[in-house]
Structures are given as structure tokens and as C-alpha cells.
Number of protein chains: 2
Amino acid sequence: MSVQLACASCGRALEPADRGRPRLYCSRACQARAYRARRAQTPARVPVSDDGARHLTVERIVRAGIVVADAEGLDALSMRRVAMELGTGTMSLYRHVASKDDLVTLMVEAAMADVPLPDSPPRNWRHGLERAACRDWELYHRHPWILSRVMVTTRAYFSPALAADSESAFSSFDGLGLESADAFRYMFMFASYVQGVALILVSDAEAERQSRIAAKQETQASGHAQDPLYEPGAYPRLARAMRAGADPWDLDALFVSGLAGVLDGIAADLTRRGIDV
Amino acid sequence: MSVQLACASCGRALEPADRGRPRLYCSRACQARAYRARRAQTPARVPVSDDGARHLTVERIVRAGIVVADAEGLDALSMRRVAMELGTGTMSLYRHVASKDDLVTLMVEAAMADVPLPDSPPRNWRHGLERAACRDWELYHRHPWILSRVMVTTRAYFSPALAADSESAFSSFDGLGLESADAFRYMFMFASYVQGVALILVSDAEAERQSRIAAKQETQASGHAQDPLYEPGAYPRLARAMRAGADPWDLDALFVSGLAGVLDGIAADLTRRGIDV
DNA sequence: ACCCGGATGCGTACTTTGTACGCAACGATG
DNA sequence: CATCGTTGCGTACAAAGTACGCATCCGGGT
């Protein structure tokens, strides 16, 4: 009398192999399911790359995703779109990427590596923060869509690239003998400002893309002409400010000017604590 | 010989009415299409409310949308969900709202009306901006999802509620004899900071909801325990700051402290220009 | 009384997304 | 050569937005 064997995946009865080693699964499908379950434990994000050049790799997928997102925005990024970009089937991507969410996370990490962190120590804290702000600004210019993850990543997930960015900016305060909590407050204010401006930059980029699409479809866009802001009736201060030199926003100049203000605010607090530069 | 009549909508041949006034459309469907086309010209957002109490109105739909978005986040807001909330069919909503996008826009306008603007003139510019910041902060606390539109609304669309908010904050600089462009720069810095912090507030709220859902599904969440930030190796400054009093973020306190810094920055610039308070 | 058009509610169906599932094929290895 | 790890991908399903058109109610002119 022999033991009744069961499929290791579905548990159904399993007739023993007629010769050779014993069977483990009742079907190829069950084998695949077992493999998938095993793989779920260790995501194996790094491809084995034993042969060195495979058709589909995480890197290629992530790069294709970045190309699409840069060109058409994060809204246009779909798994089918990425697959089309690579000339493969949609579901093939899922062998290398756990989900679309995972893909975007990887894209953000990769995109942030495009703009290098400063490697020399800053001359002083102000220089350090200005350098950090410039780096972020450059990042948001190149890849506006990363902001959608920066907002989510704040505390929910851990991102090496983001942590390295913060750490680098943090190092601006080295040697000032600052309390950690104070340095954190300064960083909070600084990062909030930068993110806030990035929000405007991103929505500007999106609006421009939208209007470009609209302009392509119908020749004349309704445009800025009858913008209610420009009628001085209801919102006089806003209208005046909009007209006074701020009409075609020079977002870069505004960013720099606001940044100077934020840094002045930090300087004032430092002075108040007697930690003058 | 009589003129060949055509349907006013589809243009197909139309046999004349056997009695009474002549027909306009070949079918009820064409009539409805013509009505829709006419309505597209004048959106008629305000319901006629001739009887005073109709089942479905824009207000009820918008209110239901706000309830859903407040409770379950903007991601959970779907037309079917709102319809379910109201006990009607999904497509009924489209008689009162042009699209989901339109609904969200209306929701933002309505939600912003929940927190009133200050009606007295501010004591000084600093007081005015603090008041404005408090109002925004309260808004984002109550309806975190409005941020998703504030970012889009920046320049692309016009929003009365948002314009009123800006205008009110702008009025803080009245009487200082400031150049419009300077006032705009200050406003830009101020608004960017507030939006930046709001981004963190919103993503915190979202993360909390997510973890609440996760905790409901599986009893133990993986949680903060093995957060790589807390291992002091790779990101020492970040880890130290996180431990030093910033672990359960007091976002309100951080907001106020950063706001003070931003206002100090404006004050420094005012002093530099000889426009001391 | 009657009928037509304005207006509203809503069922059906199509599109676009993410993605679960399982088959087929390829290479290595016993 | 049978088996297994691995990869590619076709099929299919679930959600979500929404176009379309039918049914219905109401008010006003004939």
C-alpha cells in the first residue's frame, strides 16, 4: 500500500510518475502557481542577467516608462503604453515589475539618479540649501511627474533617493552646533517651500501640455483673453499683480526670489538663537 | 408640390405631421440630441427649481461628492459611488454635472465656502497673512482632497473661491505702498509654502487611511518597526532628526513654526527696502 | 381633451485601465 | 529525455467614465 500523493499546489490527488523522480504538481499550471507564490516571498527585483543581454529587463522597462512620462505625462503612462514602447506584450512587464505602482516607484528612483547630488561639502549652510534647492528644481524641470510620488513618499514609504536628497540638504547645517529638532524645523520649512513651488511648476507643465493638445485639435483656443482675473472688478489686487510683470510668469526667477526669502527667515531664527554664521 | 421637410437634428427626410403643428425631429432621440446640443451652449448649472424641491439637484450631488471624498478620499470618488450615495442611477448625475471633472471642480468651490474668509481688515500685514494661512490650513484639514485641484487650478482654470482667497491674502499688504510686483513675490512665496505643507498634510491623511484599511484587513501591519530611516547607518542626520522629537509629527506646530520663518523672510525684505512696519 | 416639446431619470453598452490566470516555449540539469 | 526554473504573452475579468437613446412627467398651445 502506497501513500496517496497530493499536488503541492492545488492539493488534489496526484498519480505518481510512472518513472524517474516523483511528480510534485498535478499540472503545469500548478507548477507555475507554486513558482509565483515562491517568487512573491522574494521579489527578486534584480534580474539574474546570467546571459548579460535579455530582451526585457527592469531597467529597460523603467527607462521606457520614464520616456513616456516625460513626453506625455504620468496620466498617459499605462502598462499597455509602456509595452507598446518596448514592442512586447502587456503582461510581459509583470514578470519584472510587481505592479504599475511598483513601476512608478522604480521610475522615480531612477529619474532622481539622473541629477547627481553635490559631492563637495557646502561653503556654508546657505550655500548648501541653495545647492539642494537647485538640484530639486532641476529634477522637477526634467521629470515633473516625480512630484506625484514625492507627496506620497513623505512618510508612507521609504525611498533611498529621497532620503539621500534630504540627508544631503541636512548636511548644510553640519558644524553649526544646532539642535536636531531645530535643524529639522528648518528643513521642514525649506522642503515645504520647494515642494510648493514644484506643485506650480508641475501644474504649469501639465496645463501647457493640455493646451498644446487642445491647440492641435482645434486651431483657436479660447485662451487667456477673457480671463476673469484680468477684469479689474472683482479681484483688483490679484488683477493688478497679474498685470504688473507677472503675466508670463518667470517661474525660475520667482523660485529664486522666494527661496532667498525662506533662507532669510532661517537666518533670522539663527540670529535670534545667537548662532550667527 | 410641398417642400421636403428634414429632421432638424439628423437631417433625414421627415414626413409632415398629419395634423397640428409641423414636426421638428424625426424621432424622440433626435429631439433629445438637439436638446443636449442646445444645453451645451448654456450649461444652465443652476437648476430651474420651479417647484422648489426636486429629487436631484446640483447641490445635492456636490454635497454627496464632498461626503464621499471627505470620508474615503478622492480616489474612492466615482460617479457610481456618488449615485449610490444618493440612491439614483449613475447616469442621472450627468443631467446636472457635465463630467466627473466638472463635479470635482464644483466640489472644491463648495468646500472652500465652508470656511469663511475673514471679513475685518487685518491689523497689519503679518496678522493678515497669518489669518490667511490659518484659513487655508483649516480648509486642508477638513477637505484634504481640494489640494488636488488647487494644484491644477493655478493658472489653467479660473476658480472664484481660489481667487477670493488670494485676493483676501493680498489685501494684507494694503497701505504699505508696495509695488504690485513685490507684493506678488511675497504672495508667491507665502502661497508656495502653505501649499507645500498642505502636500505633506494630505499625503499623511492618505497614508493614515491606507494603513487603517490595511489594519482592518490583516491584524498586524508591518508598520514602522523596521523603517530603514531609523537605522542610523545610511542617513544619520535624517535618523537623528526623526528621533529627536519629530517622530509623531506635530504637523500643526511645524506649520506654524515654518510660517513664522517665511514671514520673517518677508519682513527682512521689507526692512531692506526701507518699508518697515 | 390632446398633443408636442422641454426636461429628467436611468438602463445599456462601449472604451480604457490594471491585472489574475494559465499556456507555450526555451534552456539547464539530473 | 523528463523535469523544472524562467520568460513571454494571449485571454479574460473587474472597475470606472460616459455616449446614446428610451420612458416618463409636466406645462402650454390648439
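In the text below, chain A, chain B and the rest are named by the order of the sequence lines, each starting its count at 1.
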Rounding to a whole Å, what distance do you find between [X]:[atom1] and [N]:[atom2]?
| X | N | atom1 | atom2 | value |
| --- | --- | --- | --- | --- |
| A:Leu93 | C:dT17 | CG | P | 14 Å |
| B:Leu103 | D:dT18 | CG | P | 10 Å |
| A:Met79 | D:dA15 | CE | P | 20 Å |
| A:Arg95 | C:dC26 | CZ | P | 16 Å |
| A:Met84 | D:dG10 | CE | P | 13 Å |
| A:Leu56 | C:dC26 | CG | P | 17 Å |
| B:Arg60 | C:dT8 | CZ | P | 15 Å |
| A:Tyr94 | D:dA12 | OH | C1' | 14 Å |

Report task. Evaluate the side-chain proximity of B:Leu251 to A:Phe188: yes if any heavy-atom separation is below 4.5 Å, no if none is. Result -> yes
Given [options], which nucleotide is nearest the side-chain atoms of [X]?
| X | options | value |
| --- | --- | --- |
| B:Ser78 | C:dT19, D:dC9, D:dA16 | D:dA16 |
| B:Met91 | D:dG8, C:dC10, D:dG17 | C:dC10 |
| A:Arg80 | C:dG18, C:dC10, C:dA13 | C:dG18 |

Indicate, with a heavy-atom threshold strictly under 4.0 Å, whether [X] touches base, sugar-phosphate, or nothing.
| X | value |
| --- | --- |
| A:Thr90 | base |
| A:Leu77 | sugar-phosphate |
| B:Ser92 | base |

Requested in this report: Assess whether side-chain contact (heavy atoms from CB on, under 4.5 Å) is satisfied between A:Leu86 and A:Leu93, documenting all intermediate values.
Outcome: CA-CA 10 Å; A:Leu86 291 168; A:Leu93 306 179; 4.1 Å; yes
Ion pair present between [X] and [Y], side-chain N to carboxylate O less than 4.0 angstrom?
| X | Y | result |
| --- | --- | --- |
| B:Asp70 | B:Arg63 | no |
| A:Glu138 | A:Arg142 | yes |
| B:Glu206 | B:Arg209 | yes |

Query - Test side-chain contact (heavy atoms from CB on, under 4.5 Å) applied to A:Val202 and A:Leu199, step by step - result: CA-CA 5 Å; A:Val202 167; A:Leu199 213 47; 5.7 Å; no
**Report entry** Within 6.0 Å of CD in A:Glu208, more than 12 heavy atoms from elsewhere
**Finding:** no
Requested in this report: Kindly say if A:His96 contacts the phosphate of D:dT6, meaning a side-chain N or O under 4.0 Å from OP1 or OP2.
Outcome: no
Query raised in the report: How far does the helix from C:dA1-D:dT30 to C:dG30-D:dC1 bend, going by the axes of its first and last five pairs, to the nearest 10°?
Result: 40°
